[in-house]
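The structure appears right after this line, and notes come after that.
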Amino acid sequence: MVKGQEKKMARKKAKNNGAVEKKLVGVADIVITAAERSKDPTLSIPVRSLANVTFDEKRGMIELGRRKQARSFFNVGMAKKFMQTVLVADALAELQRADLTTSLREIYYRTKHTIKNSHENTFDGQNESDPLIEDLEVTLAALREELHVRAENSGTVVGPVVFTDDGDRVDCTRLGKGGYSVPSIVEPEYIQITRCTADFVLLVEKGTQWNRLSEDKFWRRYNCILLTGNGQPPRGVRRLARRLHEDYNLPVYVLVDNDPWGYYIYSVVKQGSINLAFESQRMAIPKAKFIGFSSADPDRYGLPRNVGIKLNDKDVNRAKELLKYRWFQKKEWQEEIKRMLSIGLKYELDALANKNFQYLTKTYLPRKLKEKDWLD
Amino acid sequence: MSKPMLKSNTATAETQPAEPKPTLSAAQMGARQREISVSEFFTKNRHLLGFDNPRKALLTCVKEAVDNALDACEEAGILPEVIVKLEVASNGEPPPPPSQASRFRLTVIDYGPGIVRQQIPPIFAKLLYGSKFHRLRMSRGQQGIGISAAGMYAQLTTGKPVQIISRTSAKSPAHYFEVQIDTKKNEPRIFENKKIDWESHRGTQVTLEIEGRYQKGRSSVDEYLEQVAIANPHVKIVYHTPEGETKEYPRTIQELPPQPREIKPHPYGIEFGMLLKMLHDTKSYSLSGFLASEFSRVSSNLAQEICKAAKLSSDSRPRNIHGAVAEALYKTIQSTKIMAPPSNCISPIGEKAILHGLYKQIRGDFYTAVTRPPAVYRGNPFVIEAGLAYGKGPEQAAQEAPKVALAEGEQQDNDNELARVIRYANRVPLLYQQSACATFKAVLDTTWRNYGVAQSRGALPAGPMVIFVHMASVWVPFTSESKEAIADYDEIRKEIRLALQECGRRLGVFVRRRERAKGEFRRRNIFELYIEEVVEACNRLKGGKLAKQKLKEQLQKIAMKRTGGQKTDELLGRDGGGPEGLPHSIIVTAEGIEGDAPALPGDAASDAAPPEEPLIAVEPAPAPAPKEKAKAKKAGKPGKSATLGKKNPAKVEPPSAKQMTLGFEPTATTAKHGQGTGKKDGAKKSKK
């Protein structure tokens, strides 16, 4: 049965490859058609900025607006970018045909060469090629995974779940303290969730706190999946949480530091990010809950004031920006953020160790879960 | 009880200093007073004359000898030719290498008028003896200190006398002298005096043996001579370096600058004490006569007027005027409106000569020169001249272009070298105390950023640029006797600034135009380069089944249309009147030289590979009739190839580059501005 499934998946993969490749070849078609009509070849690329995202309240996610920018070849300012975009499209098409995945950096090396009759490089640094890949993702409405570009693995998972990865069975209850490193592409074509008996998913911002929970076997006691993205969770982690949430109906709780960046991480998991708004549909988990660390918690849990850290100017400005985001307009959120600003302090999850080393596992989270003390 | 005690105390205190033991009586002290000879003064204070360290001393000696030679030749109406020879001096031992040596023998030979026998000792061995101090005439030397001070320095450091050979004509014999200064009396002491045979028919040779240090670079003898050559293109200099090299600075202008005339002082430039002295010394019997004859720009009418205004009889004896009356006269003179002094007493270098000088010595892409109309400070007329040489020259630029594509993190060196300022006073380069000089301050004052040159606050402009500033005057106000910096008079600084601004404006036009052309060129170039890439990528995307050539041609057509095609080429730089409409300028491009550039000797030698043929090949469609002259010159003349041969070795460039620079071509109007002469000279030369 497993073999049959694999075959099916492989076929699906190949088919998918064809579709994406077609989209990439479309870039060449744009050039050819424009040339035939003596027109300036132009790509229209959706704008990826705050100004061009909308918040769909009903669906609870950030969506990309309709504004587009033209990138034309015969414009001195854009000519090089246009040329580079075509080169990247070519490299991505090559990946599709060979059915390989690669990293952003490899794409950069693949497309870098000296332009004929000159001493000019097609690309001078990876910072030139990275945004072009995102441009193509948006323009062609193809996900990065579909383009076969992966990021570094930077997430870890542990708990009662079993995956099939390249035919290998990965039982996440038997991986010790270290857990399973979440690949950057977790689409069903690559990784299948074979079994999952957990009750909920706990997404932790920091690796240190994830280690604490893993070491204390928190997941066993509360029958949950522990997931971390080491800071801003990468696509793989977000996508995996979404799949667990969708396929197995697991609630997702987000545990972050009490600072503006923590709030924003939560919002990215919940509604999607501004930069990747076009992927919200596949990534966002509108029902995710903010379990902590709330600005009300120090008071509620009797944490002394001196384990807080003074908000710096950057923190304050960021918090004020958050207050303006449409997806932070709920009353409780405005209160939450304003409370932090009025206290003037931020708290790290690590500060809970001030009470005792296992305070997070033994007291804080159990009480939170029991009292259903979270923000939506 | 305590009071009397105190009293007695004060009493002793009073008596003690009342009877000091006199150590010196007034008579004894008086006996110690004695006159200080000027030579003694300068022996102790040689730094005032530019002999503060061995390196500078060597330069000062060269400078004084060369200045004297040039002044003498010019005054006698002879085109100057000067030979400077520096040798390491040693006493029988093998001489150390020049960079280690501490003793040098300097010989300067000119083929000038020579010096009459009896004048030789005082000229070379008496301080403050000379022809130039008492008259207001533009010359290099002013005080009559220079060469005798050099001799004194030689005497002081090596003990060797100054050796002079001089001959005034082929008919008269050559005289050989060895002289030193008697520093006590400031009188020459003659060691040797004989008639000798000398191969030269006329001229003077001075030999000094001095302590010094020879080091190249900034403020060196080499730099000094190079700068002399820039400001004096009518001079031929042959320089034998201590290292055994011979450098020749050829003459590019075959005529002498006009003789500066001597003038009387202008009343505005006279101080009160000076007026008193003049009143006392004059030979005139009447005040009005005195005023009219001793000053420039004072007519007898004006003299009468002044007398009337000062409430003095115009017949009063000048000698009898002193005290309050003299002061009233002085004030009246200062408040009377008097015409500015005549300016024909000044002989500026001239735009053409500056251009030639800069072009000859400095590699660049753009040269320009400005001579300001005469102005006056403190009653002394003066003229400011400025020049610019900008860029690295096409040859250098080609060398610096990157040879390979750069790797990540590598960067092209953006050299942030600052501009170099070369300063002159009456054609003499000033090498020291740059920051104290009015010229330097004026360069800093100028806002170079307006002219497309980078400049940080309070600094010299940045870029490959040489800024030339010359002040010509009957009396250049130096900040010290060693003549290193020009004093900062407002009038002078203003004139310098105006001259620099004019140069800057022209440079700005050039830079902007070149940027525009570069931009245009780059635009087309970008598309040309990228089309290739895009076509290849599209072909790969389409699985190699693309009509590549067709797509390429289609895209190239669009590119041509978008960049304005050949129309833009023609639009660039066609306003006529000097190269690109700039007066008194030379522009050097990879294709050739525009403007009145001198033909450099040696050009004819490297005539081998004339690169005209490819030039003709890319010439755009037949030019309209009036342009033909210029075009023909550009393409076919052998003289052209001569100049090209040296400065611009033939190199292959993409056709688009050629079209771009063709936009710079001089039109028929530029030819009118006497632009052809330099090239024609070259033509003649190479035909020979």
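Numbers restart at 1 for each chain; the letters A, B, ... are given by sequence-line order, proteins then strands.
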Original post:
For chain B, which of A/Val27, A/Ile32, A/Thr85 has the most heavy-atom pairs under 4.5 Å?
Top reply: A/Ile32
Original post:
Which heavy-atom pair separates A/Arg97 from B/Leu541 by the least distance, and what is that distance?
Top reply: NH2-O, 2.8 Å
Original post:
Between A/Leu87 and B/Glu533, what is the shortest heavy-atom contact and its length?
Top reply: CD2-OE1, 3.9 Å
Original post:
Can you find a heavy atom in the side chain of A/Pro41 that is under 4.5 Å from one in the side chain of B/Leu555?
Top reply: yes
Original post:
Measuring from B/Ile558:CD1 to A/Lys39:NZ, what's the distance to the nearest 0.5 Å?
Top reply: 10.0 Å
Original post:
With ring centroids as reference points, do B/Tyr530 and A/Phe73 lie under 6.0 angstrom apart?
Top reply: no
Original post:
With a 4.5 Å heavy-atom cut-off, do B/Lys542 and A/Val25 have their side chains touching?
Top reply: yes
Original post:
Closest approach of A/Val86 and B/Ala537, non-hydrogen atoms and distance?
Top reply: CG1-CB, 3.5 Å
Subject >> Where B/Leu551 and A/Ala35 come nearest, the two heavy atoms and their spacing >> reply: CD1-CB, 3.4 Å
Subject >> Engaged part of B/Leu546 at the chain A interface, taking heavy atoms whose separation is under 4.5 Å >> reply: side chain
**OP:** Taking atom CZ of B/Arg512 as the centre, report whether more than 12 heavy atoms of other residues, nucleotides or ligands fall under 6.0 Å from it.
**Re:** yes
Subject >> chain B contacts, top residue of A/Gln84, A/His113, A/Glu94 (heavy-atom pairs, under 4.5 Å) >> reply: A/His113
Subject >> Trace of the side-chain contact (heavy atoms from CB on, under 4.5 Å) decision for A/Asn75 with B/Phe527 >> reply: CA-CA 9 Å; A/Asn75 174 318; B/Phe527 296 148; 5.9 Å; no
